[in-house]
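Taking it in order: structure first as structure tokens, then the write-up.
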Amino acid sequence: MKNIADWAFNTATQRGATYADARIVDDRQRSLATKNGKVGHAGSGESLGVGIRVLVNDAWGFAASDDLSRESVDATAAKAVEIAKASAKVKEEGIRLAPEPAVKVEWATPCKIDPFSTSIEQNLDLLTKIDHELLAVKGVTLAESNMHLGRYEQWFYSTEGSDIHQTRTITGAGFGAYSFQGTEIQKRSFPNSFGGQYQTKGYELIDELKLVENARRIGEQAVALHKAEQCPQGNMDLILDSSQLGLQIHESIGHPIELDRVLGMEANFAGTSFLTLEKLRTLKYGSDIVNVVADATEAHGPGLGTFAYDDEGVAAQCTPIITNGQFTGYISSRETAHTIGETRSNGTMRAEGWNRIPLIRMTNISILPGTKPLTFDQLIAGTDNGIFMQTNRSWSIDDKRYNFQFGCEAAWEIKGGKMGRMFKNPSYSGITTEFWNSMDAICSRDQWTLWGTPNCGKGQPMQTMGTGHGAAPARFKGVKVGTAYKGN
Amino acid sequence: MLDQSQAQRIFDKVKKFSSVGEVEVIFSSTNYSLTRFANNMIHQNVSELNEVASIRVAFDGKTARATTNRFDDDGLKRAVQSAEGIAKVQEPDADHLPMAKAEEGKPAAGKDGGAYPSRSFEQTAAITPADRADAVGKIVDVAKKNKLVTAGIYSSSDSAEAIINSNGLSAFHRQTSAEVSITMLAGDSSGWQKANSSDARNLEPVHLAEIAAHKARDSRSPLELVPGKYTVILEPAAVLDLVGFMFWDFGGMAVLDQRSFLNNRIGTKLFGENITIIDDVRHPLQSNAPFDGEGVARTRVNLVDKGVVQNLVYARSTAAKIRTSEYAGKVGEIRVTGHGFPLPNEMGEAPANIVFITQGNEQTVDQMIASTERGVLITRLWYIREVNPYEKMLTGMTRDGTFLVEGGKVKQGIRNFRFNQSIIDTLNNVEAMGKAVRASGEEAFDMVVPAMKVGGFNFTEVTKF
């Protein structure tokens, strides 16, 4: 692969590039889904290509091609230079890259069972079994299961001398049960909504999820929701399960700390951020027990944001984002690090594929578990009057990431330290900093899960990226509950 | 750019490599470029060439697909073997149909056999990075003239898609596209405009920049209003993003799966008398290929007539299945409409070319404002998600130009609201409509929709800007 990069760099530098990098990506996927016990989607995919990014006259150009012949690579590099020269025509200030040492690295996701070594028959058999368990529940009107296996192999080279070969393996699966009765469609999902759980792991994840074992219980909950009371409206103490807290982190911490958003680079599409630069180390983001990190290192766990080097050749790092409630860090790139007085990027530039440029993306944005032992049962037992919500159903937040509203699939009343009746159509809303400052308890490490969000959209053209979010069940005081149905 | 004869040659190879009964290949070929700007400068500028072959095999009631962008013999063979391997281990599906025949790819005579407008324009395909930079430079000039900061995109593309199968069906479509989206930012306000067209000459970047700048200027120092029910004037992009969430439910499979809000409601008057909606790929303001994911010719479908839900769209297998189901006789006309997704899939089909038909008495947005004693003018909606699937209740935010209307005039900008609002209620409370235009947003695919004045729109919260 190095010769492909060399062709690109020769052409680019001869035409005026002062910096260039090339990413050659071989992306392989298997995607299976069943519906009501029959195969719904069954497919595989592979995509190979090169993306060449250049700096000319301190402005960016990028071109990508699926043709790796010398002629095509030369033409693609020349096109990237032509594009960069056009960029330079509308320039306020030049691009400044924070220095980064050149490295030569080989890295691969730790993986016990190569997912592509498993048979399709085995994959489909599992999904069909789940569907049958769900359909065994009277009242389940639609059963859907899915599995996604991926291997993303990338060779990164730069004119600064970096040579990084990484292979990331991704496994994910989950299911959903729908129940339609009268004028209502209810749904329960496991282990999470929108595809289930995803990690950078081998097929061992599928066994760990215990999908078949949980199917009947989840199907029964979907049907039971029809008989549940409507979620009440009012301010109350709210306990979130770890998957919903993971999404809460994603939307109200992960996105606002993206430095490109803060600097206005996403203003037309994904939006900006309330976390303007003067808030760094001055804003009380959350209560004293809120500690959040952006951690892409292998030590953090098999998150969708785990890697060895980012897509501009910067090593994976752990950055404190919120420390004892204080806002302490953004996620950055080589181009943006200087705007917050840093001399080095904290390594969060990631591209969806060979045909997209890297952007600042969440890695694993995780809340650290409580330091004192606290199980979920103890958290409930310590709550006199409140509501517990589980599994996301809808999510929405404004374009500066202040006002949010989340809906969950199911909720349960908490009275006198005990879980009580079920509620349907639960929702809660708030303002980001007020919400995080209301957190008064979080479970300990044994309750902490590193969730994968496989579908985070950002950029133009749109890129979808997987992000990781470690979370444990937590309690928030006096949250607005039931607002989605206010006035309806 | 892949042409029809190249696609045919590759298909012939794929067919030779396959050891099973039926083979289909969907080709896509894209030359796409996008210039992105922010802080009054170009900060990202990209271009992509990619060609993909998506190969489906079918035999004994089993089918599977494999996709590759490697067109050498090894790459194609590997994809064929992968598809065959995935199909072989499946249980036969009694609902599986043979691949579409050649005649199914041809439009029928009559209203669907009319001329298909050209959607490929040489001038658009020939746009260079320098051309896009020039246009961005002019947008930046508008921003600077107004002491604003701008962000947005200018993109252009030339693409081809083809579908060929072993039953003799062969369809090819080539299309160009250009798009401009502009945000203008002031200290505490913003404005936005977006447009796209197959023909870049229809875009007016400077005009759009002027409108976005005007909105940003006029919404400065936004007032905070109390949430509640308001009359709203939704500009076309806001209408598009809101109504876009309901069309996934207009597929036959959604009704069969009982995940559609139209279950038990087809044939009933669900919306106001003034709501008529069709799906028509041949409409001059529409885009896309005239065939679906199986190569079947797209046909015009009357979805809603004067508020009554009339028909759904159908892929081939869904139409066959619903005819023998409990829904036959309850869902209007059942016919293959040419709206299927590539097989195999679990979603079936969905409308793709929505057109709202207005019935005279169209009003301009200015006329709607003039007739409003107190209301809210909305440029754009954002982050819309479904809260209640059967009542089609959605939540989301206003964004980039939200104004208080009082005494028939735009009074001043207001802080952005969160809404929780049913689409059914919305389309029952349309007090006035504009001329339907091609609108472009971020939450739904482009449609031909009018601006609307809607009563009793439910805002539940207000944000801090």
Side-chain angles (χ1 to χ4, degrees), chain A residues 33 35 38-49 59-66 79 82-83 86-87 89-92 120-121 124 141-142 144 178 180 183-185 264-265 267-269 355 357 394-400 402-403 405 407 425 429 431 460-461 483-484 486-488, chain B residues 34 36-51 64-70 82 85-86 89-90 93 129-130 133 136-137 140 151-153 181 183 185 229 257-259 344-346 382-383 385-387 389-390 393 395-397 399 416 418 420 458 460-461 463-465:
Chain A
K35 185 172 83 176
K38 288 165 71 167
V39 174
H41 174 79
S44 67
E46 61 175 30
S47 182
L48 175 72
W60 285 120
F62 175 84
S65 175
D66 59 352
K79 192 172 192 177
E82 181 197 357
I83 289 170
S87 300
K89 286 181 171 182
V90 187
K91 186 175 76 174
E92 291 283 297
I120 292 152
E121 205 165 7
L124 285 174
T141 49
L142 177 64
E144 289 183 328
Y178 291 78
F180 174 54
T183 60
E184 211 165 63
I185 301 168
M265 295 177 180
N268 178 249
F269 179 60
N355 54 351
I357 54 167
S394 68
W395 69 105
S396 175
I397 189 163
D398 71 43
D399 58 288
K400 286 187 195 284
Y402 265 127
N403 176 281
Q405 179 182 300
N425 306 324
S429 59
I431 295 290
Q460 295 163 298
T483 38
K486 192 177 167 190
N488 281 292
Chain B
L34 182 145
R36 199 173 191 210
F37 52 99
N39 299 312
N40 291 346
M41 62 180 276
I42 294 173
H43 67 308
Q44 292 165 9
N45 207 346
V46 302
S47 184
E48 170 196 359
L49 272 173
N50 194 14
E51 292 184 338
R65 179 175 294 282
T67 299
T68 184
N69 68 347
R70 297 159 88 159
S82 176
I86 297 172
V89 299
Q90 297 174 23
D93 180 358
V136 170
V140 169
I153 58 142
S181 179
T183 301
L185 298 143
K229 293 200 174 180
D257 287 343
Q258 300 183 87
R259 57 180 162 80
N345 72 78
E346 58 272 35
W382 166 247
Y383 223 129
R385 292 293 181 274
E386 190 174 82
V387 171
Y390 198 70
M393 194 167 84
T395 191
M397 299 295 303
R399 179 177 172 180
N416 288 296
R418 169 170 298 288
N420 279 280
N458 188 32
T460 52
E461 291 187 339
T463 191
K464 290 186 176 291
F465 61 95

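Just so we're clear, the structure is a prediction, and the values are computed from it rather than from any experiment. Residue numbering restarts at 1 for every chain, and letters A, B, ... go by the order of the sequence lines.
- Contact record, B:Glu51 with A:Asp66: N-OD2, 2.8 Å, taken as the closest heavy-atom pair.
- The part of A:Ile431 that comes within reach of chain B is its side chain, from C-beta onward, which places non-hydrogen atoms under 4.5 angstrom from that chain.
- In this structure, the portion of B:Glu386 lying under 4.5 Å from any heavy atom of chain A is its backbone and not its side chain.
- Comparing A:Gly407, A:Gly61, A:Ala59, A:Gly264 by heavy-atom pairs within less than 4.5 Å of chain B, the highest count is held by A:Gly264.
- A:Lys79 touches chain B through its side chain: at least one heavy atom from C-beta onward sits under 4.5 Å away, while N, CA, C and O do not.
- Within the 4.5 angstrom heavy-atom criterion, only side-chain atoms of A:Lys38, from C-beta onward, approach chain B.
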field: Stepwise side chain to side chain contact (heavy atoms under 4.5 Å, CB included) test for B:Ile86 and A:Ser44
entry: CA-CA 8 Å; B:Ile86 297 172; A:Ser44 67; 3.9 Å; yes
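- Counting only heavy atoms from C-beta outward, the side chains of B:Met397 and A:Ile397 never approach each other to under 4.5 Å.
- From B:Phe37, atom CZ reaches atom CD of A:Gln460 across 9.0 Å, with rounding to the nearest 0.5 Å.
- Using a 4.5 Å cut-off between heavy atoms, B:Arg418 contacts chain A through its side chain alone, with no backbone atom that close.
- In this structure, the portions of A:Ala267 lying under 4.5 Å from any heavy atom of chain B include both its backbone and its side chain.
- Heavy-atom distances place both the backbone and the side chain of B:Ile153 under 4.5 Å from chain A.
- A donor-acceptor contact closer than 3.5 angstrom is absent between the side chains of B:Asn69 and A:Glu46.
- A donor-acceptor contact shorter than 3.5 Å is absent between the side chain of A:Thr141 and the backbone of B:Gln258.
- Between B:Tyr383 and A:Trp395, the ring planes lie perpendicular to each other; the angle is over 60°, past the 30° to 60° tilted range.
- Between B:Tyr390 and A:Glu184 the shortest side-chain heavy-atom distance does not fall below 4.5 Å.
- When all heavy atoms of B:Val387 and A:Ala484 are compared, the closest pair comes out as CG1-CB, 3.8 Å.
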task: Dump the intermediate steps for side chain to side chain contact (heavy atoms under 4.5 Å, CB included) on A:Asn403 and B:Lys464, then the final yes or no.
output: CA-CA 8 Å; A:Asn403 176 281; B:Lys464 290 186 176 291; over 6 Å; no
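- Only the side chain of A:Leu124 comes within contact range of chain B, judged by heavy atoms closer than 4.5 Å.
- Under the 4.5 Å side-chain criterion, counting only non-hydrogen atoms from C-beta, B:Asn416 is not in contact with A:Asp398.
- Listed for the A:Lys35 side chain is a donor-acceptor partner under 3.5 Å among the backbone atoms of B:Glu346.
- Using a 4.5 Å cut-off between heavy atoms, B:Asp257 touches chain A through backbone and side chain atoms alike.
- Side-chain contact of B:Thr183 with A:Asn268: a donor-acceptor pair under 3.5 Å is present, judged by distance alone.
- Donor-acceptor pairing under 3.5 Å is lacking for the side chains of A:Glu92 and B:Asn40.
- Side-chain atoms of B:Thr460 and A:Lys486 form no donor-acceptor pair, as typed in the model, at a separation below 3.5 Å.
- Put simply, the side chain of B:Ile42 does not reach to within 4.5 Å of the side chain of A:Lys89, judged on heavy atoms.
- Using a 4.5 Å cut-off between heavy atoms, B:Val46 touches chain A through backbone and side chain atoms alike.
- Judged by distance alone, the side chain of A:His41 and the main-chain N or O of B:Pro344 form a donor-acceptor pair under 3.5 Å.
- When heavy atoms are compared at a cutoff of 4.5 Å, B:Leu34 approaches chain A solely by way of its side chain, counted from C-beta outward.
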